[in-house]
Amino acid sequence: MIELSRKQDGSNDTETFARDVAEGLSQYPKTLPSRYFYDAAGSRLFQDIMALPEYYLTRCEFKVLTENRQEIVRHFANDSFFHLIDLGAGDALKTKILLRELDRQQSAFDYVPVDISGDAMRQLSGSLQQEMPAVSVQAVVGEYFPALEWMHENKPERKVVLFLGSNIGNFKQAESIEFLKTVCSYLNSGDKLLMGLDLRKEPGTILSAYNDAAGVTAAFNLNLLRRINSELGGEFDIAQFQHYPIYNPQEGVMRSFLVSKKEQEVYIRDTGRTFHFDAWESIHTENSHKYSMQQVEELSSACGFRIETVFQDEACRFADVLFTVT
Ligand code: AVI
């Protein structure tokens, strides 16, 4: 296992967290960065979200990868050795669908899962050793770009990058272009990227996925305030905020907010400040972009890729798009 980051437990640096919180809550309208959702409790809640009946994304992607695994793997393999780099691998449940197929076909590759969590990478390496002992695994603990840079400098062979789960959708539009351009800059012509993207669809279906009946997504969103309380000495009264998601079908953006149910002041020790909330004032906490195929094409050509193949479910809810570096 290669460790490129000092932080091995997924924790965020407290000072950076405090600075980001102070900056976001001083703005009008208020914002908090969605990357802070994922502490241990937030990651557990996200696991629960993925199992919800309303959250179709994970099930659809499983289906797309399962039904198309042979063809996907055929596109990856083309007779020469390659590194399969999995950005944000986590427990790699979806990637294992492809790994089993690559293993079955005795493809010449090694698997490079990348994740900020050292624990997750240790567990994944162990489980792969048991399940697929013939697959060579080189886990990298660190952020995406240092990992890609390290691969670029140390591993000259062909590369296939995985960025599954519609994680790209959580970036702002300009950030997603920047992100993909940077990924592309660490790859060579002919290298590939398989990216999961949630597609535009009936707005009510999208809204329900982020406003489930059991309230798990609400708990996930509110956990951000709980985290500020426990890690930064915040004094949020969680019961005085509500989860409020809204989908804009023109922009194809699902936005989540936390709304203050009353006028209140909240002191956060590590920022040294008190923040004022008007009654019904909101904090914008997350964007989840939903794509049209035209947008996918624009994104691809703006970032140095061309679309090789689009794999999607029969209801066209979710796509795994295979891009090639031009
Ligand atoms: C991680 N990401 C792709 C999820 C999404 O659908 O935007 C995070 C999430 N937020 C609320 N539910 C799920």
Side-chain angles (χ1 to χ4, degrees), residues 10 12 31-62 64-65 86-95 114-117 120 143-144 162-173 175-176 179-180 194-227 241-249 251-259 282-291 295-296 299 313 317-321:
N12 282 283
T31 63
L32 285 172
S34 60
R35 66 175 170 280
Y36 292 114
F37 279 142
Y38 302 94
D39 64 346
S43 300
R44 271 196 305 276
L45 284 164
F46 184 55
Q47 293 290 328
D48 294 344
I49 286 174
M50 289 193 287
L52 287 169
E54 294 96 333
Y55 196 75
Y56 58 85
L57 288 80
T58 310
R59 271 189 311 282
C60 282
E61 191 169 37
F62 252 92
V64 171
L65 295 176
D86 191 0
L87 299 180
D91 60 12
L93 270 186
K94 281 175 282 198
T95 308
V114 178
D115 204 289
I116 194 70
S117 165
E143 306 271 356
Y144 298 159
L162 302 178
F163 195 45
L164 304 178
S166 198
N167 286 326
I168 191 79
N170 296 133
F171 292 128
K172 293 191 187 118
Q173 211 191 349
E175 285 171 354
S176 61
F179 175 83
L180 290 176
L194 182 72
M195 185 160 70
L197 295 153
D198 193 19
L199 300 177
R200 294 199 184 191
K201 60 185 65 62
E202 194 269 313
T205 306
I206 295 177
L207 186 58
S208 302
Y210 294 82
N211 201 20
D212 60 284
V216 182
T217 312
F220 175 72
N221 199 6
L222 287 161
N223 180 60
L224 201 46
L225 303 185
R226 219 177 289 281
R227 183 171 182 191
F241 286 83
Q242 76 176 53
H243 168 64
Y244 186 75
I246 184 163
Y247 177 64
N248 181 327
E251 297 172 83
V253 184
M254 180 72 228
R255 292 192 174 87
S256 294
F257 299 90
L258 290 167
V259 179
S282 63
I283 311 170
H284 177 210
T285 52
E286 187 180 46
N287 286 334
S288 298
H289 288 259
K290 312 298 163 191
Y291 296 86
Q295 279 180 306
V296 178
L299 195 61
D313 61 311
R317 282 176 296 181
F318 196 96
D320 282 288
V321 181

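Order of appearance sets the numbers: ligands from 1, and atoms from 1 within every ligand.
At a heavy-atom cutoff of 4.0 Å, ligand 1 is contacted by the side chain of F220 but not by its backbone. With a heavy-atom cut-off of 4.0 Å, D198 does not touch ligand 1 at all. In M254, neither the side chain nor the backbone holds a heavy atom less than 4.0 Å from any atom of ligand 1.
The single protein non-hydrogen atom nearest to atom 2 (N) of ligand 1 is N170 OD1, 2.8 Å, given as residue, atom name and distance. For atom 4 (C) of ligand 1, the nearest protein heavy atom (residue, atom name, distance) is Y55 OH, 3.3 Å.
Those atoms of ligand 1 with a heavy atom of G165 less than 4.0 angstrom away are 3 (C). The distance from ligand 1 to the heavy atoms of Y38 drops below 4.0 Å at these ligand atoms: 1 (C), 8 (C). For ligand 1, the atoms sitting less than 4.0 Å from at least one non-hydrogen atom of E286 are 7 (O), 8 (C), 9 (C), 10 (N), 11 (C), numbered in the order shown with element in parentheses. Residue-ligand proximity, S166 to ligand 1, at heavy-atom distances under 4.0 Å covers atoms 3 (C).
Atom CD1 in I49 sits 9.0 Å away from atom OG1 in T58 (nearest 0.5 Å).
Between K94 and E61 there is a salt bridge, with a side-chain nitrogen of the basic residue lying less than 4.0 Å from a carboxylate oxygen of the acidic one.
Taking any N or O of S288, backbone or side chain, at least one lies under 3.5 Å from an N or O belonging to ligand 1. Among the atoms of Y210, some N or O lies under 3.5 angstrom from an N or O of ligand 1.
Note on ring orientation: taking the six-membered ring where Trp is involved, the planes of F257 and H284 are tilted (angle from 30° to 60°).
Within a 6.0 Å sphere centred on CZ of F171, heavy atoms belonging to other residues, nucleotides or ligands number more than 12. Around atom CD of Q173, no more than 12 heavy atoms belonging to other residues, nucleotides or ligands sit under 6.0 Å away.
Between R200 and Q295 the shortest side-chain heavy-atom distance falls below 4.5 Å.
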Is there a side-chain hydrogen bond (donor to acceptor under 3.5 Å, both in side chains) between K201 and Y56? Walk through the geometry before answering.
CA-CA 12 Å; K201 60 185 65 62; Y56 58 85; 3.1 Å; yes

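Taking the centre of each ring, Y247 and Y210 stay at or above the 6.0 Å mark.
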